[in-house]
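Okay, structure first, notes after.
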Amino acid sequence: MYTKPDILELYDKAIRINKSCPDHRRAFDYWMQHNNKAPEQSLSFDTETTGISFGVPSMLHIGNTDIKVYNIKVFGISLAIPTRKRIVLIWARLGTDLFDEAVKLLGICGQKVAHNARYDLRVCKINSIKITEETHCTLTAARIYWDRRQRFGLQPLCEIICPELSDWELAVKSESRRIKSKYTRAGYPKGYINYSFISDKIMAEYSMIDSFLCLMIHCMIHPRMQDTYEEVYTREQKVLKLALKMEQQGLQYDCRKSLIEERKFNKKAVILEKQLYKIAGEEFNIKSPAQVLSILLKLKIPVKLITADSELSTDKNLLEPIVDHKLWKNEKGLLFLETLLNIKAIYKQVYSYLIPLRKRAMYNNGKIYCNINATDTRTGRTAVTDPGLQTIPRLISRRKRKNPIRSCFICRPGYWNYHFDYAQIEMIFYAVLIGETRIIDAYNEGRDIYTEIAQFTCSEEDLEYIRKTLGDPRQQLKHLSLAVLYGAGVPGTAKILQMPKDRAASLLAGYLEACPLVVEYRNQCKHELYTKGYVEDFFGRRYHIEPGQAYKAPNAVVQGSCAQILKIALIQINEYLETSSDRARILIPEHDEFITERPSADRDTEILFCRNVVSAMQNIKQLTDRRLKIRVDVERTKTNWEAKKKLEIS
DNA sequence: GCGATCAGCGG
DNA sequence: ACTTCGCTGATCGCA
């Protein structure tokens, strides 16, 4: 077991680096003034990596050979270790004794802190670096503490905490640019260069300050996390670990099927493109809004049809009604627009989803890995990136056909996938929040709440209008209800429902008159913002909002609360799975839904499994206390996500 | 490289 | 006087 004085001797070399750097001297000075707040047993670290995306082996073409590069490699670790008299900063590069010692240190003593711990922990796991004890995440803490900020990188946080250090990134950035251009000139491929090319002298300064700032943020926020936000923070800590676990599992993707679908789409696209060029009388770039606009003007479209907010636009929401209601009295023009919209829909499918997903899966034996950012949004929702799996289309727009992309996500051999979906969670939570019993009663009796809301807020005439002009009323009403309750005004309502402003105005007025509690809650939020500066939900999370933007408050509370509900559910499902003998796993969360997998088995154990997961999702104290039991829909499939079927478990 | 635009998702 | 919100990602066009 190392003790701190030993470590200082071991890192004698590292300390010398510190003393030669003016930035670090300033850091020391800063530290000396503030170190009384330091948690004695903590240590912050930062890993420097070669920047290859997680889970995606990349191909580098160098000379005549292709090299396949697997995963992220650590080439250096920096540490910031607080002692009673000073803070020790260390930079250790891969291959040195110092590096080995740093790795040992991470494996043995004290509490660890990292900025974006999920990333660093993932990197360490891939590189077989063991980290013992709890790892605190300053990104997570900062998200909770400064919830309305946009950016949480070290640089923006540094501006608040120690502005005197805020230019530490410049040297490494400019050096990186210099090296990049040098290698690019020499013909090396894009992505070949990374921070490991940068000299130790520059890298050390940069990386050590990173660790230092991370520790500073920790010292500043941690005490607050312990008293004000303890519940929220410990929840996030748990979710962080689960996100890490899910990231490493990956999802199964059917590359062959994907390729077949791509070819079908491409065939159609080629035909449509030819038609489009023929109508336009020339070839142009369909993907460029500017060029599309000039063609439309050439075809003499009435300018007012494509004007939004006094600017010309080729927005889909603008063009679609023109086609649907034949607003443009020009056969040729309508055919042009229709073809254009169809092509754009196909492009979206192919270039945004099918091709990128297949490429990823191909490099990984049919697996797709993604980043699950549990705390990266202002409201506490989880975001999935790289690839963004939460945005896979349900239907192909305009054609209203089932989407082939979802059918490319398949179950692992021998497993079934189960989708657990909270039914209408946000709206029913909102009803509980404001105490609207009519909606709660309808929900408890199993009725659809959006149609219910429509009935007591809209006049027959308005409903008829919506039905006639917009087709499927349910989806429209859902959209409208959410928009109105969260504060849409007359223009917003008119835009959503594509109706004249006077009709929107009367609709909106009727709506708010029928739901006085909505207005009441808005005012309550406003008052709270003016007196306290934030609104708080049932789960301990606070949302700081400018009083001038009070209209955002109800949305923040509802969206944030639902995110918290999902996180509580995630933790509870995981607790259940850990104690059960099922070899079941959670694959991915999707806003209001969990996708899980489980080995195929007889019906009895399957139903039991589903019931347990559902009750883990329903057993949320803050809701059961308010007599709300959220419905959970269960669907299952043994082939692909498109083919899932509803499963009755009650 | 970076912001704007336009597509998709969720409620 | 006025305002739904939150997110990702591909592409364009400008600097």
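Reminder, nothing fancy here: chain letters follow the sequence lines and each chain counts from 1. Keep in mind it's a predicted model, so treat the numbers as computed, not measured.
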Under 4.0 Å protein heavy-atom contacts per nucleotide of nucleotides 8-15 of chain C, with B for base, S for backbone only and - for none: SSSSSS--
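Contacts between residues 502-525 of chain A and DNA chain B, defined by a heavy-atom separation under 4.0 Å, are absent.
Put simply, A/Lys316 has no side-chain N or O that comes within less than 4.0 Å of OP1 or OP2 on B/dT5.
Listed nucleotides: B/dC6, C/dC7, B/dG1. Nearest to the side chain of A/Thr314: B/dC6. Side chain of A/Asp592, nearest nucleotide from B/dG10, B/dC9, C/dT4: B/dG10. Of the candidate nucleotides B/dC6, C/dT4, B/dG8, C/dT4 has the atom nearest to the side chain of A/Asn555.
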Intra- and inter-strand pairs of DNA chain C in dot-bracket (Watson-Crick or G-U wobble, both distances under 3.5 Å; | for another strand): ....||||||||||.
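Contacts classified as salt bridge (Lys or Arg N to Asp or Glu O under 4.0 Å) and involving residues 507-529 of chain A (residues at least two apart or in different chains) are given here: A/Glu528-A/Lys532. Residue pairs meeting the ring-ring contact (aromatic ring centres under 6.0 Å, His included) criterion with at least one member in residues 481-509 of chain A, sequence neighbours excluded: A/Tyr430-A/Tyr486. Annotation: salt bridge (Lys or Arg N to Asp or Glu O under 4.0 Å) contacts involving residues 422-440 of chain A, sequence neighbours excluded, comprise A/Arg381-A/Glu426, A/Glu436-A/Arg438. Among pairs with a residue in residues 534-545 of chain A, those fulfilling salt bridge (Lys or Arg N to Asp or Glu O under 4.0 Å) read A/Glu236-A/Arg541, A/Glu536-A/Arg542, at least two apart in sequence or across chains.
Atom CG of A/Leu318 and atom P of B/dT5 are 14 Å apart (whole Å).
Of all heavy-atom pairs between A/Lys567 and A/Thr375, the closest is NZ-CG2, 4.1 Å.
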Grab the N/O contacts between the protein and nucleotides 1-3 of chain C below 3.5 Å, and write none if there aren't any.
unit_1, atom_1, unit_2, atom_2, d
C/dT3, O2, A/Tyr551, OH, 3.1

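With sequence neighbours excluded, the residues satisfying side-chain hydrogen bond (donor to acceptor under 3.5 Å, both in side chains) with A/Ser258 are A/Tyr253, A/Glu262. Checked against ring-ring contact (aromatic ring centres under 6.0 Å, His included), A/Phe420 has no partners two or more places apart in sequence or in another chain. The salt bridge (Lys or Arg N to Asp or Glu O under 4.0 Å) test applied to A/Arg178 returns A/Glu175, not counting sequence neighbours. The side-chain hydrogen bond (donor to acceptor under 3.5 Å, both in side chains) search around A/Lys348 returns none, not counting sequence neighbours.
The backbone N or O of A/Cys370 sits nowhere less than 3.5 Å from a side-chain atom of A/Arg360 that would complete a donor-acceptor pair.
In the interface, the side chain of A/Arg381 is paired with the base of B/dG10 through a donor and an acceptor atom under 3.5 Å apart. Between the side chain of A/Gln390 and the base of B/dC9 there is no donor-acceptor pair of N/O atoms closer than 3.5 Å.
The aromatic rings of A/Trp641 and A/Phe409 lie parallel to each other, their planes meeting at an angle below 30°, with 60° marking the opposite boundary.
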